[in-house]
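One structure is given below, encoded as structure tokens.
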Amino acid sequence: MSETIASGPAGSAHVDDQPRPGRWLALSILVLAVLLVGVDATVLGLATPYLSEDLRPSGTQLLWIGDIYSFVIAGLLVSMGSLGDRIGRKKLLLIGSVAFGAMSVLCAYATSPEMMIVARALLGVAGATLMPSTLALIRNLFHDPQERSLAVGIWGAMASAGTAVGPVLGGFLLGHFWWGSVFLINLPVMALLVVVGAKVIPESRNPDPGPWDVPSVLLSLVGIVGVVYAIKEASAHGYRWDIGLAGVIGVLALIVFVRRQLILDSPLLNMKLFHHRGFSGAVLADLLTILGLSGLVFFLSQFLQMVQMRSSLNAGLTELPAAVGAVGAGLAAGYVARRLSVRIVVAGGLAVVGLSLVGCTTLHADTGTAALAVILFVVGIGAGFSFTVTADVILSSVPKEEAGAASAVSETAYELGAALGIALLGSIVTGIYRGFEAPPGVPADAADAARESLGGAFEAAGELPADQGAALMKAAQDAFVYGLDIASGVAAAILLAASVAAWILLRGQKLEYSPVTTVAEPEPEPERESGTV
């Protein structure tokens, strides 16, 4: 498809700017993939206690199960976004959807921690095709800026809805079936997306993309995975020569990757995108926000189920206000940002989230549902405003032919932040938890088993006399809550820092308005010329 603008009479619309028929129906199918990713991210947290009991992973294996998905996605998003620009974003989305469904089945029937880690890694490969494809297709479906803002708001709202549907549906399934059922809910959504999407989603690609550079693909994967692995392992186990080596290899790979992109005629990622202050500011805001939120969210479900002893369904409903707030804010974000400013909405939203997380530093076993609901609702509102506007800024900052790569950068920041958040904040919780003192009289082997994870404490306590078991569980729960409180404080500081960075970097950034034609005061005849978008 040509990106060339044809000349025409004054006031006429460009051919590429004409509204695309069926765009809203296509959007309704696209957001199914977003809904699916949101569901998949949240149900794992609910299933963790059941998975731990069945597969018996160590504390380190449990963290790998949680973050290997994000590691692989983060390493491949830029490559897949660029691939979609080349072979067709619709084609890549449909192929990835089929693969995502197949890997979900593999996760559901995993029989060991190692098999689950591998299955989650393969799920990450498939997942890397979904998110950048959906955002890039939105960029090409909606040429009107205000329509695009609404479409991005719906996209973000469905991601938030996935976080709401996931815990509730997952809680229901866990109450009636085995833990693997939470992965099988992906299948009907994937089937609908593939069957209907093949008919209603239009194809789009870069008309002159150049070759897909495989060395750049490998460099980005090795670089991001190496760096994140080193951070995770160092924060959990301290510095060792092998961890340091992984970090050095990762950094060197990323340096070579950047240098290679600067000299390639058709780079995998156009580094000039980062010269746009709005683009860089939005990406940084996303990364820091997710870094602050993800690790906390990963452990919140364990707090609700294994400290407050809620059922899976009750835990899912308790987390629902966050998604409700995010959905409402996401739909209103574009409107509000045009009437205030981008930086007020983004920086203000992040500040609200940070201040709300300060409230999480006082969590304890007796914290009531109402207090949790208020905190999570406000967090959802702030995050909904911020993420929706930054996504709109990122899409608006690039030409349509580079929409896939730009969307991938946005999603890479999201997934990299998630992996780093689980690594950093998760390691804080785990490190504090593992240091708790066992009550007098508890055998050393039972105490060691309890220190592996909170799920391990439940199992160890069940094998002890009632009074010893209760004392061990109380000590383990108290240590877990203390670690969660400290991690909440760190997360709050990160979010407030992200707010300051967004205020500085997004200065002067505006969302586009739809072109308005006036008849009261005719404008001078513009020059007739053609160009390239």
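Partners of Asp366 under the salt bridge (Lys or Arg N to Asp or Glu O under 4.0 Å) rule, at least two apart in sequence or in another chain, do not exist in this structure. A search for side chain to side chain contact (heavy atoms under 4.5 Å, CB included) contacts involving Ala373 returns Pro321, not counting sequence neighbours.
A pairwise comparison of heavy atoms in Ala282 and Leu506 identifies N-CD2, 4.0 Å as the closest pair. Shown here for Ala457 and Ala476, the closest heavy-atom pair between the two residues is CB-CB, 3.8 Å. Closest of all the heavy-atom pairs between Cys360 and Ile375 is SG-CG2, 3.7 Å. Across all non-hydrogen atoms, the minimal contact from Gly489 to Thr361 is N-CG2, 3.4 Å. Annotation for Thr129 and Met80: closest pair CG2-SD, 3.9 Å, computed over non-hydrogen atoms.
Each side-chain hydrogen bond (donor to acceptor under 3.5 Å, both in side chains) pair with one or both residues in residues 377-391, not counting sequence neighbours, appears once here: Asp286-Thr390.
For the 3.5 Å distance criterion, the side chains of Arg507 and Ser341 fail to qualify, holding no donor opposite an acceptor.
Gln477 places no side-chain N or O within donor-acceptor distance of the main-chain N or O of Ala365, the cut-off being under 3.5 Å. Judged by distance alone, with hydrogens and angles left aside, the side-chain atoms of Arg343 form no donor-acceptor pair with the main-chain N or O of Ala502 at under 3.5 Å. Not one N or O on the side chain of Thr367 forms a donor-acceptor pair closer than 3.5 Å with the backbone of Leu363.
Judged by the 6.0 Å and 45° rule, Arg451 forms a cation-pi pair with Phe436.
Between Phe183 and Trp179, the ring planes are perpendicular. Angles over 60° get that label, and only those under 30° would be called parallel.
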